[in-house]
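Quick notes on the structure that follows.
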Amino acid sequence: VQLQASGGGLVQAGGSLRLSCVASGRTFSRYGMGWFRQAPGKERAFVAGISWSGSNTYYADSAKGRFTISRDNAKDTLYLQMNSLKPDDTAVYYCATTRRVVSTSSEEYDDWGQGTQVTVSS
């Protein structure tokens with residue numbers, strides 16, 4: 001699956017962004033999906049995951065209550081709505097596919113998008 005992430009940008013603390021990830025190449029609806037992020041000097045970290053049907057979601061503690069993951073299988077698109085953004089959310093955000101229902105481990109993800117930069121200013 002080829003993944004194209006977009007929607008990143010520069011936003012002030014407290015603001016919102018909506019990331020999108022468009023999939024192509026294979027049947028998008030067969031895969032669980034996830035969002036990860038990587039800040040400078042840090043390892044890639046799980047942010048949120050969603051099952052193939054959208055009925056199961058899972059969030060990192062840092063994302064709970066502020067971020068919402070969703071998907072539109074008819075449009076082969078994954079979303080991440082991010083509200084109440086903080087400077088600590090600054091990172092490159094990646095979308096990825098998994099054959100698991102939902103997974104928090106990057107090792108269980110197979111295809112990765114190129115990433116989109118999110119910068120939150122204080």
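Quick caveat: nothing in here was measured; it's all calculated off a predicted structure. The chain is numbered in sequence order, starting from 1.
Under the salt bridge (charged side-chain N to carboxylate O under 4.0 Å, His left out) criterion, no residue pair touches residues 44-55, with sequence neighbours excluded. The salt bridge (charged side-chain N to carboxylate O under 4.0 Å, His left out) contacts involving residues 78-99 comprise Arg37-Asp89, Arg66-Asp89, Arg99-Asp110, where partners must be two or more places apart or lie in separate chains. Applying the disulfide bond (SG atoms under 2.5 Å apart) test to residues at least two apart or on different chains, the pairs with a partner in residues 2-38 are Cys21-Cys95.
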Determine, stepwise, if the pair Thr97 / Asp111 fulfils side chain to side chain donor-acceptor pair (under 3.5 Å). CA-CA 5 Å; Thr97 66; Asp111 302 306; 3.2 Å; yes

Passes side chain to side chain donor-acceptor pair (under 3.5 Å), Ser16 versus Asn83? Steps please. CA-CA 4 Å; Ser16 298; Asn83 300 326; 2.9 Å; yes

Test side chain to side chain donor-acceptor pair (under 3.5 Å) applied to Ser105 and Ser103, step by step: CA-CA 6 Å; Ser105 172; Ser103 176; 5.0 Å; no

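The aromatic ring centroids of Phe36 and Phe46 lie less than 6.0 Å from each other.
Grouping Ile, Leu, Val, Met, Phe, Trp and Tyr residues whose side-chain heavy atoms lie under 4.5 Å apart, directly or via other members, leaves Val22 alone, with no other cluster members. Applying the under-4.5 Å side-chain rule to Ile, Leu, Val, Met, Phe, Trp and Tyr, the cluster around Ile50 extends to Val1, Leu3, Val11, Leu17, Leu19, Phe28, Tyr31, Met33, Trp35, Val47, Tyr59, Phe67, Ile69, Leu78, Leu80, Met82, Leu85, Tyr93, Val118, Val120.
The shortest distance between side-chain heavy atoms of Arg71 and Asp76 does not fall below 4.5 Å.
Between the side chain of Thr116 and the backbone N or O of Gly8 there is at least one donor-acceptor pair closer than 3.5 Å. Side-chain N or O atoms of Ser51 include one that pairs as donor or acceptor with a backbone N or O of Asn56 at under 3.5 Å. Side-chain N or O atoms of Thr27 include none that pairs as donor or acceptor with a backbone N or O of Ser29 at under 3.5 Å.
Legend: residues meeting ring pair (Phe, Tyr, Trp, His ring centres under 6.0 Å) with Trp52, ordered by chain and number and at least two apart, are absent.
Note: Arg100 CZ to Glu108 CD = 4.0 Å, rounded to the nearest 0.5 Å.
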